[in-house]
Colleague: 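Below is the structure I would like to discuss, written out as structure tokens.
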Amino acid sequence: MKIYTVGQVNHYLSNLIDQDYLLQRIFIKGEISNCKYHSMGHIYFSLKDESGSMPCVMFKGNQAAGLNFRLEDGQAVVIEGQIRIYEKDARVNLYAKKIRLDGDGAGKLHVLYEQLKQKLFEEGLFDFEKKKEIPKYPKRVGIVTASTGAAIQDICNIARRRNPYVELILYPAKVQGEGAAATIARGIRTLDGMGLDTIIIGRGGGSIEDLWAFNEEIVARAIYEARTPIISGTGHETDNTIADYAADLRAPTPSAAAELAIPDVMTTLRKLQDMRDALDRHMTGRVEVLRSRLETCRVRLEHRGPQGKLENQRLQLEQIKRLLHERIRQRYEQTLTLETEREAALHTAMQRKYERTVQRAAILAERLHGLSPTAKLVGGFGYLSKGGQPVRSVKELSPEDVIRITVHDGSAEARILDILE
């Protein structure tokens with residue numbers, strides 16, 4: 001037994017299809033669905049009819065010669081192209097080379113959609129003034145959608161995050177295929193009879209065929225007749241169904257419908273908690289301010305009372321005593337310093353006076369010595385006196401007179417023998 005890999009089988013299938021001459025140039029008609037223009041210029045879409053669907057792509061290089069109108073959902077077209085298999089996931093694709101409109105170009109479903117929308121509009125099912133207000137704080141929310149789809153999971157996740165206290169009640173409806181519209185309408189009527197606050201209907205995105213159950217008249221009338229406010233969240237943001245027009249509020253997706261139906265209570269609770277914390281902080285600060293003011297008033301009251309005044313006077317007396325002692329000490333130190341400076345100055349002055357006096361006495365002594373007769377009696381000179389009077393001339397002397405001769409180191413008496421002129 002030979003075992004093949006997935007890649008080998010896909011490659012075999014690809015070669016098998018490529019070798020089929022019929023599939024290399026084939027003409028297929030159908031209705032455009034899920035049409036998307038890629039940023040690179042390619043067009044991706046599905047070609048469908050009542051019995052099936054086929055993924056298609058038209059590359060940018062084929063559009064200039066093979067497409068002369070803008071491709072949109074609901075158009076009935078005839079496509080010339082090639083059937084090939086994409087080996088990576090074994091998906092069969094129709095690679096369109098030329099596309100032309102089939103008949104007037106409007107798909108059967110698109111025509112039915114427009115006809116029903118106009119009919120219900122004229123009957124007033126879409127009137128805005130008849131829309132019911134969505135409750136702001138619901139307690140019980142009903143959901144009409146598939147029990148295994150991504151829509152219910154998204155709604156439950158959003159509900160848990162925004163308000164886990166809301167009760168969710170699911171009516172598991174068939175949202176695609178034969179009988180889907182009837183089960184959706186039955187789900188709306190069932191939940192409407194339970195006295196709920198809000199009902200959400202919807203499903204994930206898809207083609208116009210996938211969403212067709214929400215374009216049925218039975219669903220629109222069930223929405224219109226319901227007493228409970230209904231939010232429709234069907235498909236993607238660009239999808240619009242009859243249910244969207246009939247509902248009291250339209251949401252672009254089931255997730256958005258959950259956000260519109262269920263308020264973000266957790267955020268509100270967090271805001272309330274923040275506000276409570278802020279209020280607590282404010283009240284605590286206010287109490288502290290008032291306590292401080294009370295303490296200030298108490299201190300002021302004590303100061304203004306007899307005991308406070310006595311205490312203030314005692315403190316003032318102590319302060320005056322300290323200031324007086326300080327001033328006396330400063331005055332004593334200043335006086336002591338002044339006396340010391342004066343004593344030093346007097347001593348200095350007396351010393352200078354003494355030195356000047358000694359110097360002057362020395363000078364005067366020197367002068368006096370210079371004026372003394374004996375100071376001149378040196379080198380053979382002497383002083384002559386007779387009878388105590390100085391001898392100034394020889395005429396005052398006579399022979400035999402007795403005179404006194406004084407020299408610098410003593411005196412002697414002498415007798416005049418002769419006088420010479």
Side-chain angles (χ1 to χ4, degrees), residues 281-282 284-421:
R281 290 192 297 270
H282 175 74
T284 301
R286 185 65 178 169
V287 169
E288 290 298 327
V289 170
L290 294 177
R291 182 180 289 112
S292 176
R293 289 182 179 178
L294 179 62
E295 181 64 19
T296 302
C297 292
R298 186 187 65 79
V299 172
R300 288 179 179 177
L301 182 61
E302 291 180 354
H303 287 173
R304 293 181 180 181
Q307 185 67 26
K309 290 182 179 180
L310 183 61
E311 182 65 20
N312 287 337
Q313 291 176 358
R314 187 186 65 80
L315 294 175
Q316 291 176 1
L317 180 60
E318 290 294 330
Q319 186 176 6
I320 291 172
K321 287 171 64 177
R322 288 195 299 271
L323 291 175
L324 182 59
H325 290 164
E326 181 66 21
R327 290 185 179 181
I328 292 174
R329 185 185 63 80
Q330 292 177 356
R331 181 60 62 86
Y332 170 75
E333 291 178 353
Q334 291 175 357
T335 303
L336 183 61
T337 302
L338 183 59
E339 290 297 327
T340 302
E341 293 176 353
R342 288 178 178 177
E343 183 179 354
L346 181 59
H347 177 74
T348 301
M350 291 177 65
Q351 181 68 25
R352 291 177 179 175
K353 184 69 174 178
Y354 171 74
E355 292 176 355
R356 287 196 297 268
T357 303
V358 170
Q359 184 179 9
R360 184 172 179 78
I363 294 172
L364 293 176
E366 186 67 26
R367 289 180 180 178
L368 182 60
H369 179 69
L371 297 174
S372 173
T374 59
K376 299 177 180 181
L377 300 179
V378 293
F381 292 96
Y383 171 69
L384 301 180
S385 63
K386 182 178 77 170
Q389 297 296 323
V391 178
R392 297 181 176 86
S393 175
V394 294
K395 293 180 178 181
E396 296 177 0
L397 298 176
S398 300
E400 297 299 331
D401 286 343
V402 177
I403 63 173
R404 182 176 291 276
I405 302 170
T406 303
V407 294
H408 73 281
D409 57 351
S411 60
E413 290 185 353
R415 191 179 295 279
I416 301 297
L417 294 178
D418 192 9
I419 296 174
L420 300 177
E421 294 185 9

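Scope of the values below: all heavy atoms of this structure, side chains included, with no hydrogens, waters or symmetry mates.
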Colleague: Can you give me the closest heavy-atom contact between I405 and A414, atom names plus distance?
Modeller: CD1-CB, 3.9 Å

Colleague: From I328 CD1 over to L324 CG, what is the distance, rounded to the nearest 0.5 angstrom?
Modeller: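 CG of L324 is found 4.0 Å from CD1 of I328.
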
Colleague: Nearest heavy-atom pair of L417 and P399: which atoms, and what distance?
Modeller: O-CB, 4.0 Å

Colleague: Mind checking side chain to side chain contact (heavy atoms under 4.5 Å, CB included) for E341 and listing every partner two or more places apart, or none if nothing turns up?
Modeller: T337, L338

Colleague: Counting only heavy atoms not in E343 (residues, nucleotides, ligands), do more than 12 fall under 6.0 Å from its CD?
Modeller: no

Colleague: Just verifying a value: how many Å separate I416 CD1 and L384 CG, rounded to the nearest 0.5 Å?
Modeller: 7.5 Å

Colleague: Could you state the interatomic distance from CD1 (I403) to CZ (R415), rounded to the nearest 0.5 Å?
Modeller: 11.0 Å

Colleague: If you round to the nearest 0.5 Å, how far is CD of Q319 from CZ of R314?
Modeller: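 R314 CZ to Q319 CD: 12.0 Å, rounded to 0.5 Å.
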
Colleague: Would you kindly say whether E355 and Q351 are connected by a side-chain donor-acceptor distance under 3.5 Å?
Modeller: yes

Colleague: Find the distance between OG1 (T340) and CG (L336) and round it off to the nearest 0.5 Å.
Modeller: 4.5 Å

Colleague: Is E288 close to R291 at the side-chain level, that is, under 4.5 Å between some pair of heavy atoms?
Modeller: yes

Colleague: Quick test of your reading: applying salt bridge (charged side-chain N to carboxylate O under 4.0 Å, His left out), list the pairs with at least one residue in residues 327-340, sequence neighbours left out, ordered by first then second residue.
Modeller: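 Applying salt bridge (charged side-chain N to carboxylate O under 4.0 Å, His left out) to every pair that reaches into residues 327-340, excluding sequence neighbours, yields E326-R329, R329-E333, E339-R342.
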
Colleague: Show the nearest heavy-atom pair for residues K386 and V402, with the distance to one decimal.
Modeller: CG-O, 3.7 Å

Colleague: For the CD atom of Q359 and the CG atom of L364, what is their distance to the nearest 0.5 Å?
Modeller: 10.5 Å

